[in-house]
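Numbers restart at 1 for each chain; the letters A, B, ... are given by sequence-line order, proteins then strands.
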Amino acid sequence: MLEKKSNFIKQIIEKDLADGKHKTIITRFPPEPNGYLHIGHAKSICLNFGLAEEYQGRCHLRFDDTNPEKESPEYVESIKEDVKWLGFDWGEHLYFASDYFEKFYNYALELIKKGKAYVCQLSPEEIREYRGTLTEPGKESPYRNRSVEENLELFEKMKNGEFEEGECVLRAKIDMSSPNLNMRDPVIYRIKKIRHHRTGDKWCIYPTYDFAHCLSDAIEGITHSLCTLEFEDHRPLYDWFLDELNTPCHPQQIEFARLNLSYTVMSKRKLNLLVQEGYVSGWDDPRMPTISGMRRRGYTPEAIKDFCERIGIAKSDNLVDYSLLEHCVREDLNKRALRFMGVLEPLKVVIVNYPEEQEEELEAINNPEDPSAGKRKIPFSREIYIEKSDFREDPPRKFFRLAPGKEVRLRYAYYITCEEVVKDEQGNIVELRCTYDPESRGGYTPDGRKVKGTLHWVDARKAKKAKVRLYDRLFLVENPALEEKKGKSFKELLNPESLKEVEALVEPALYGLKPGDVFQLERVGYFCVDRDSTSESLVLNRTVTLKDSWAKIEAKLSEK
RNA sequence: UGGGGCGUCGCCAAGCGGUAAGGCAACGGGUUUUGGUCCCGUCAUUCGAGGGUUCGAAUCCUUCCGCCCCAGCCA
């Protein structure tokens, strides 16, 4: 893992600490519980919790649950689980904006009493019309100059449910001609006669984001309130509320660029669509960029955190290569994953000079990167399976796997030479007949001759079946969100081959693993045991392939 | 045509007036019982473009160009 990089937010924090503006810092991760967390949220989580760790401050987990229409406890639970799984701890500091509803209400009263907020009875359409446009100023609402008393009375009625949804709202009285649309008397309370998942039917008026967020931050004593770039325009409003109201403190909002990852989408709306329309099996489908999807895919918290560290924090729009994430996953897994053997597309090999009834056990190293992982025994006998792609009847240049008359090493076993190719009536290769060198047990020979290729294999008698899910990128194009803006439909951008299932043959030891365990199938890739597995039927998810330099060589050979 | 941001290698990203870090990708080579890992090497005379200030500019000023965000009673 890399050492921590600096960024402009750390510079601000370090200056604030040096100047004595703050003794300690308090950040927060403020998700709305209206969907599952994705890798973009991981960036924010790593930033906020990471900063708190680095500067020995603290980070709050706060649910921004001000819109009961879209929120649910299911999401609250999944979010907590994901943050924990990433390895962060909010300690005692778990909060809900809904816990502050009473306080927000009193702040609204304070604003009304100052003459800085009013109940507006314009319809939603009228409010839009009165707001003006990007280039023309807005018009003031006819309800703008009501007396404080009248506003107090009306707001009370709103709270008591005496108005219907859409009939009226509470608005801040700021400036209808501001070039910043957010300052044109923004709505701060609206009526929603919906049961809230935490406050039940206690409220029928709910504060908007702009009003609730800055106040939540101030109530919690947040020092640095980090959010994404699209809220930059909201900062004047954030500051306006905190300047007008008598709050415990005035946190500083700082914006950074959200993460975009190639070949996927990051908007909750679009991810929700993928789930609802059944393009994926759920929020935790291993193809999803969600934290739960990545977890099910076999990605580790360490890999994700390393990735978040490496992409950095800045303000320019970005589209990070998926290959960087894969690099982080491989790097972490290479150190810790146990090695096994398994063949995805089996091709039978009969070792003709190996005694029919003989069976033996060969010793294999569990992880060459970690001697403490120990060794294991793998069964071997006269019939084995190798990977179809490891044999070529007519091998191209530089192909040093098996071919007629060629000798290769079976990993941890013997050298074999292909003597005969057996085909069916259609001409498909169904079996290879080989001879082995008894002197080469373990993979070396006394004469020390070199064999270039080493193949993975499984014993035909002892191998077990496993259902393997091979995943590829979810989308065909690098930037689906951009293509969609250009008019392409979601559906045509999806990769129809993002999931392929194969029946593989694996060494029996794999049946001793538990759901969630990640391991390497040598020469093939990293895999993890899916929760759909049973004791009779193993289901594996391919986490990521191994780098394949032969594929590159072959691609170049075919170009010529 | 309003406001707010951003433009440094294919992708991220340092740089904060003293003469372009690093990572990913890519490309060479070495080691190797995983064509994996590991190791070594190559990869921006140039910082969106033009002017200016300065002994000296990616960094300061200026003009222009390009891209992103904002007209929810979403967050």
Would you indicate what [X] reaches in the nucleic acid, counting non-hydrogen atoms under 4.0 angstrom: base, sugar-phosphate, or nothing?
X        : answer
A:Leu546 : base
A:Arg339 : base
A:Tyr526 : nothing
A:Lys485 : sugar-phosphate

Tabulated below should be each protein N or O lying under 3.5 Å from an N or O of nucleotides 47-49 of chain B; please produce it.
none

Heavy-atom contacts, protein to nucleotides 1-7 of chain B, under 4.0 Å, summarised as B (base), S (sugar-phosphate only) or - (none) per nt, yield -BBSSS-
Go through it in stages, so that I can follow the logic: the residues are A:Glu507 and A:Arg376, the test is salt bridge (Lys or Arg N to Asp or Glu O under 4.0 Å), and I'd like the CA-CA distance, side-chain angles, deciding distance and then a yes or no.
CA-CA 11 Å; A:Glu507 61 174 285; A:Arg376 71 183 184 289; 2.9 Å; yes
Restricting both atoms to N or O, compile the protein contacts to nucleotides 73-75 of chain B shorter than 3.5 Å, with distance only.
unit_1	atom_1	unit_2	atom_2	d
B:rC73	OP1	A:Arg131	NH2	3.3
B:rC73	OP2	A:Arg131	NH1	3.1
B:rC73	N4	A:Leu122	O	3.3
B:rC73	N4	A:Pro124	N	3.3
B:rC73	N4	A:Gly166	O	2.9
B:rC74	OP2	A:Arg190	NE	3.0
B:rC74	OP2	A:Arg190	NH2	2.8
B:rC74	OP2	A:Lys192	NZ	3.2
B:rC74	O3'	A:Arg190	NH2	3.1
B:rC74	O2'	A:Asn67	ND2	3.2
B:rC74	O2'	A:Lys70	NZ	3.3
B:rA75	OP1	A:Thr66	OG1	2.8
B:rA75	OP1	A:Arg190	NH1	3.4
B:rA75	OP1	A:Arg190	NH2	2.8
B:rA75	OP2	A:Tyr209	N	2.9
B:rA75	O3'	A:Asp64	OD2	3.0
B:rA75	N6	A:His234	NE2	3.3

Whether the side chain of A:Ser262 engages the backbone of A:Tyr322 through a donor-acceptor N/O pair (distance < 3.5 Å, no angle test) should be reported. yes
Measure from [atom1] on [X] to [atom2] on [N] and round the result to the nearest Å.
X        : N      : atom1 : atom2 : value
A:Glu326 : B:rC11 : CD    : C1'   : 14 Å
A:Asp306 : B:rG23 : CG    : P     : 13 Å
A:Glu478 : B:rC11 : CD    : P     : 9 Å
A:Met266 : B:rC12 : CE    : C1'   : 14 Å
A:Phe8   : B:rG15 : CZ    : C1'   : 15 Å
A:Met341 : B:rU34 : CE    : C1'   : 10 Å
A:Tyr444 : B:rU32 : OH    : P     : 11 Å
A:Arg330 : B:rA25 : CZ    : P     : 8 Å

Requested in this report: Can you tell me which residue pairs pass the ring-ring contact (aromatic ring centres under 6.0 Å, His included) test with a partner in residues 172-194 of chain A, sequence neighbours excluded?
Outcome: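 Non-adjacent pairs meeting ring-ring contact (aromatic ring centres under 6.0 Å, His included): A:Phe155-A:Tyr189, A:Tyr189-A:Phe211.
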Closest to the side chain of A:Ser323, out of B:rC24, B:rU37, B:rA71, is B:rC24
Considering only heavy side-chain atoms of A:Arg411, the closest of B:rU34, B:rA25, B:rG36 is B:rU34
- Message: For B:rG52, does the O4'-C1'-N9-C4 or O4'-C1'-N1-C2 angle fall within 90° of 0, making it syn, or is it anti?
- Response: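 Base orientation: anti.
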Just the atom pairs and distances: protein N or O near nucleotides 28-30 of chain B's N or O, under 3.5 Å.
unit_1	atom_1	unit_2	atom_2	d
B:rG28	OP1	A:Lys556	NZ	3.4

It should be established whether [X] places a side-chain nitrogen or oxygen under 4.0 Å from OP1 or OP2 of nucleotide [N].
X        : N      : answer
A:Lys547 : B:rC24 : no
A:Lys552 : B:rA26 : yes
A:His456 : B:rU34 : no
A:Gln11  : B:rA14 : no

Test side-chain hydrogen bond (donor to acceptor under 3.5 Å, both in side chains) on A:Gln520 and A:Tyr526; report intermediate values, then the result. CA-CA 4 Å; A:Gln520 183 190 108; A:Tyr526 294 96; 3.2 Å; yes
[atom1]-based separation of [M] from [N] [nearest Å]:
N      : M      : atom1 : answer
B:rG3  : B:rU8  : C1'   : 27 Å
B:rA13 : B:rG51 : P     : 29 Å
B:rA58 : B:rC47 : C1'   : 5 Å
B:rC11 : B:rA26 : P     : 15 Å
B:rC61 : B:rC67 : P     : 24 Å

Can the ring centroids of A:Tyr105 and A:Tyr100 be said to lie less than 6.0 angstrom from one another?
no
(message) Among residues at least two apart in sequence or on other chains, which ones pass side-chain contact (heavy atoms from CB on, under 4.5 Å) with A:Ala481?
(response)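 Expected list: A:Lys270, A:Asn479.
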If B:rA13 has a Watson-Crick or G-U wobble mate with both distances under 3.5 Å, name it; if not, just say none.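 Across any shown strand, B:rA13 pairs with none.
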Base-pairing assignment for B:rG7 (Watson-Crick or G-U wobble, both under 3.5 Å):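 Pairing partner: B:rC65.
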Exercise for review: Answer with yes or no whether A:Glu331 presents, from its side chain, a donor or acceptor under 3.5 Å of a partner atom in the base of B:rU37.
Suggested key: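 Check fails, no donor-acceptor contact within cut-off.
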Among residues at least two apart in sequence or on other chains, which ones pass ring-ring contact (aromatic ring centres under 6.0 Å, His included) with [X]?
X        : value
A:Phe391 : none
A:His197 : none
A:Tyr75  : A:Tyr36
A:Tyr436 : A:Tyr354, A:Tyr414

Taking the six-membered ring of A:Phe96 as reference, does the NZ or CZ atom of A:Arg198 fall below 6.0 Å from its centre and within a 45° cone about the axis?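 Yes.
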Would you call the rings of A:Phe104 and A:Phe101 parallel, tilted or perpendicular if under 30° counts as parallel and over 60° as perpendicular?
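Rings of A:Phe104 and A:Phe101: tilted, 30 to 60°.
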Exactly one of A:Tyr385, A:Phe340, A:Phe380 clears ring-ring contact (aromatic ring centres under 6.0 Å, His included) with A:Trp457, and that residue is A:Phe380
So that I can tick it off, tell me whether A:Glu522 and A:Arg339 are bridged by a salt bridge, with the cut-off set at under 4.0 angstrom between side-chain N and carboxylate O.
no
- Using the test salt bridge (Lys or Arg N to Asp or Glu O under 4.0 Å), find all partners of A:Arg144 that sit at least two apart in sequence or belong to another chain.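 Testing A:Arg144 for salt bridge (Lys or Arg N to Asp or Glu O under 4.0 Å), a comparison that skips the adjacent residues, returns A:Glu140, A:Asp185.
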A:Tyr206 meets the side-chain hydrogen bond (donor to acceptor under 3.5 Å, both in side chains) criterion, sequence neighbours left out, with none
